[in-house]
Structure formats: structure tokens, C-alpha cells
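We count residues from 1, following the sequence as given. Atoms within each ligand, like the ligands themselves, are counted from 1 in listed order. The figures here come from the full heavy-atom set of this structure, side chains too, leaving out hydrogens, waters and symmetry mates.
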Amino acid sequence: MTDSRLWAVVPVKPFACAKQRLAPLLGAGERAALARAMFTDVLEVVLNSPCLGGTLVITSDDDAAAIARRAGAAVLPETPAAAPRPAGLVQAVRQAARVLAAERAAGMLVVPADLPSIQRSDIERIALGHGSAPTVTLVGAAKDGGTNALACSPPDLLPICFGDDSFRRHHAASMALGVVPKIPVLPRFGRDIDRPGDLYAFLEQPSTTRAFAYLTDSGIARRLLELRELPGLRKLPEPRLPQRAPERAPNCFSAFTFGATAALSPE
Ligand SMILES: Nc1nc2c(ncn2[C@@H]2O[C@H](COP(=O)(O)OP(=O)(O)OP(=O)(O)O)[C@@H](O)[C@H]2O)c(=O)[nH]1
Ligand SMILES: O=C(O)[C@H](O)COP(=O)(O)O
């Protein structure tokens with residue numbers, strides 16, 4: 001590959017297992033639908049960013065893989081299947097880094113699938129400011145010390161250590177390599193939706209995202225209004241769809257099996 005642009009890597013956990021920390025507010029089906037909507041928002045942004053060389057979605061979820069392929073992204077079947085966090089995320093991103101390095105990609109930009117508010121200008125700030133190898137760019141989560149954007153050139157330069165306190169650990173790993181990471185200030189990249197407070201904050205800023213539309217059209221936003229008086233939600237339109245009863249979550253870490261890794265060219 002002679003392209004000097006970064007490849008976006010979007011790791012996606014099976015929707016049926018996603019957003020467990022939102023269980024106090026949402027049923028299993030609602031969490032899966034929200035994760036799907038957020039992933040579609042993120043996918044649209046990265047695929048519409050010509051500053052990127054391509055988009056690789058790594059997942060063991062057939063539905064996520066089908067969405068990615070329809071949108072024009074390359075899909076890398078995750079092997080082994082998603083494990084409990086953070087091991088699953090770490091192994092998935094390491095797998096993607098190995099594949100991109102083998103394809104001689106200039107670098108990778110890991111974009112989590114739970115950042116529905118990001119915009120193309122945010123991707124451009126990271127990609128166009130990243131520079132040539134060896135380089136690391138990091139963007140931290142606003143609250144929990146996580147890493148919400150990780151770019152590295154070459155793709156397998158940086159030890160991947162998602163999990164508790166990951167931003168500090170990724171920063172330290174980069175410094176240990178003698179690479180001072182670039183840390184652009186990107187507030188929208190800081191706002192991943194993990195916990196109830198993140199969901200309330202997201203709802204208080206109406207947007208044209210699929211995630212916001214799902215939460216309002218399904219009646220969830222109004223239900224949360226009744227749970228916690230949110231002045232910002234008063235002007236929401238009446239919900240159009242009947243509310244779905246919470247469903248039981250399936251066994252989330254049953255074994256998935258996939259074939260060989262997909263080619264990088266989008267199918
Ligand atoms: N491919 C893959 N992606 C993962 C895995 N675990 C998490 N992710 C993705 O990594 C990003 C951040 O993950 P989390 O914030 O832990 O999201 P989550 O696992 O849905 O949230 P919880 O269920 O509350 O832990 C999201 O895009 C997830 O879909 C995994 O095991 N495999
Ligand atoms: O930094 C990390 O480990 C990932 O971004 C996931 O963290 P989160 O579950 O807190 O979003």
C-alpha cells in the first residue's frame with residue numbers, strides 16, 4: 001500500500017452484548033438498538049472522511065458486518081470472538097493492527113463505535129495533524145480516563161492497552177517508545193456513551209444523529225424525562241413508536257466462529 005493516509009479501525013462488540021452499563025435505564029433490546037444506531041453514526045462519519053485511506057470494521061457480529069459492508073467499509077472477522085471488556089477490545093484492535101501492518105498501511109486511527117457526536121472535522125483534525133511515522137495521536141474520554149481516539153503510525157507501533165486508565169497508559173507507552181503523543185482537543189470525541197450520565201448528557205443536546213432519533217422516536221427519551229426531569233427534553237416531539245418491553249439479554253459470550261480474515265479492499 002503506497003497511500004500515506006491512516007485507516008480508520010472501528011471495533012464493534014456484538015450489539016446484543018453492548019452497553020451493559022446502561023442496563024439501569026435501558027432493556028437489552030434497547031441497548032442493542034442504541035449501539036447499532038451509534039455505530040451507524042460513526043461509520044457514516046469515517047466513511048465520509050476522504051482524509052482517511054479506508055475503514056476497517058472488526059467485529060464478530062453478523063449484523064454489524066453487514067451494515068459495514070453495505071456502507072462500503074472493509075470487514076475483519078474477529079478471532080477469537082469478543083471477550084469481556086477490556087480483553088475483547090484489546091485483542092480486536094491488536095488483530096486489526098497486525099492486518100494493517102501486513103498490508104503496509106501508513107497507520108491506523110481507532111474510533112470506538114459509541115461516539116455518535118463526532119464529525120468529519122474531528123477526523124480531519126486528527127488525520128491531517130498526525131504526521132509521518134513514528135507518530136502517536138491520542139484523544140482522551142472526557143470523564144473516565146479512557147482512550148476515545150488512538151492513531152499510530154505504523155499501525156503496530158503502539159502497545160494496545162484499553163481498559164481502566166487507558167489514556168494514561170497509552171501515553172506512557174508512547175513516551176517509552178520515545179514518541180511524544182499528539183493530543184488534539186476534540187470535545188465531541190470525549191463524549192462516548194457508556195453510563196446513564198452520558199446518555200442524559202447526550203439527550204440534552206438534540207442532534208441529527210441516528211442515535212438521537214432512535215432515543216426520541218422510540219419514546220425512551222421521554223421515559224427518561226419521567227425518570228429524571230430534564231428541561232432540555234420538554235420540547236421533544238411526541239414519540240411515534242410504541243415502547244418495546246425490555247427483553248432478556250442472550251448469552252453474550254457464546255462462541256462465534258468466522259472464516260479467514262477478509263481482504264482489506266471494501267466488498
Ligand atoms: N470488536 C470488538 N469491539 C469491542 C469489544 N469490546 C468493546 N468493543 C468496542 O469498543 C468500543 C468501546 O467499548 P465499551 O465502551 O467497552 O463499549 P461496551 O462494551 O458496549 O460497553 P459495556 O458493555 O458497558 O462495557 C465500542 O465500539 C465497542 O463496540 C470486543 O470484544 N470486540
Ligand atoms: O479506553 C478504553 O478502554 C476504551 O475507550 C473503552 O473505554 P470505555 O468503556 O470507558 O468507553
So which heavy atom in the protein is nearest atom 2 (C) of ligand 2, and how far is it from that ligand atom? F162 CD2, 3.3 Å

Where on R21 is there a heavy atom closer than 4.0 Å to ligand 2, on the side chain, on the backbone, on both, or on neither? side chain

Please indicate whether any nitrogen or oxygen in A92 is less than 3.5 Å from any nitrogen or oxygen in ligand 1. no

Atom 10 (O) of ligand 2: the protein heavy-atom neighbour that sits closest, reported with distance to 0.1 Å: D144 OD2, 2.6 Å

Does an N or O from Q20, backbone or side chain, lie closer than 3.5 Å to an N or O of ligand 1? yes

Number the atoms of ligand 1 from 1 as they appear, then name those within less than 4.0 Å of a heavy atom of C17, with their elements. 23 (O)

Could you identify the single nearest non-hydrogen protein atom to atom 6 (C) of ligand 2 and state the distance to 0.1 Å? L89 CD2, 4.1 Å

So, for L100 and M108, which heavy atoms are closest and what is the spacing to 0.1 Å? CD1-CB, 3.6 Å

Using every non-hydrogen atom in the two residues, find where V42 and L115 come nearest and quote the distance to one decimal. CG2-O, 3.5 Å

Is it the case that more than 12 heavy atoms not belonging to N48 sit under 6.0 Å from its CG atom? yes

Per atom 3 (N) of ligand 1, closest listed option by heavy atom (L115, V12, T147): V12

With R36, which of D41, D61, D63 fulfils salt bridge (Lys or Arg N to Asp or Glu O under 4.0 Å)? D63

Indicate the atoms forming the closest heavy-atom contact of R191 with S117, along with that distance. NH2-CB, 4.2 Å

In ligand 1, the atoms that come under 4.0 Å of a heavy atom of E78 are 1 (N), 2 (C), 30 (C), 31 (O), 32 (N)

Under a heavy-atom criterion of less than 4.0 Å, does G163 contact ligand 2? yes

Ligand 1 atoms nearer than 4.0 angstrom to some heavy atom of A113 are 26 (C), 27 (O)

Has G146 got any heavy atom lying under 4.0 angstrom from an atom of ligand 1? no

Please say whether I58 places an N or O atom under 3.5 Å from an N or O atom belonging to ligand 1. yes

Closest non-hydrogen protein atom to atom 5 (O) of ligand 2, residue and atom name please, with distance? T147 O, 2.9 Å

Protein heavy-atom partner closest to atom 7 (O) of ligand 2 - residue, atom, separation in Å: R85 NH2, 3.8 Å

Can a side-chain donor-acceptor contact be found between T135 and H130 if the only test is distance below 3.5 angstrom? no

Before signing off on this row, confirm whether P112 and ligand 1 have an N or O atom pair separated by under 3.5 Å. no

How close does the nearest protein non-hydrogen atom get to atom 8 (P) of ligand 2, and which residue and atom is it? D194 OD2, 3.2 Å

Considering distance alone, does some N or O of D114 sit under 3.5 Å from an N or O of ligand 2? no

Could you list which atoms of ligand 1 come closer than 4.0 Å to a heavy atom of R21? 14 (P), 15 (O), 16 (O), 21 (O), 22 (P), 24 (O), 25 (O)

Look at K143 together with D198 and state whether they make a salt bridge at an N to O cut-off of under 4.0 Å. yes

Could you tell me how the ring of F212 sits relative to the ring of F202: parallel (under 30°), tilted (30 to 60°) or perpendicular (over 60°)? perpendicular

I need the minimum non-hydrogen distance between C161 and S166, along with the two atoms involved. O-CB, 3.3 Å

Pick, from K19, K13, Q95, the option with the minimum heavy-atom distance to atom 5 (C) of ligand 1. K13

Evaluate side-chain contact (heavy atoms from CB on, under 4.5 Å) for E30 paired with R223, printing each intermediate quantity in order. CA-CA 13 Å; E30 293 171 332; R223 185 176 85 217; 2.9 Å; yes

Atom indices of ligand 1, in the order listed, that fall short of 4.0 Å to a heavy atom of A18: 20 (O), 23 (O)

Counting from 1 in the order shown, the ligand 1 atoms closer than 4.0 Å to a non-hydrogen atom of D194 are 15 (O)

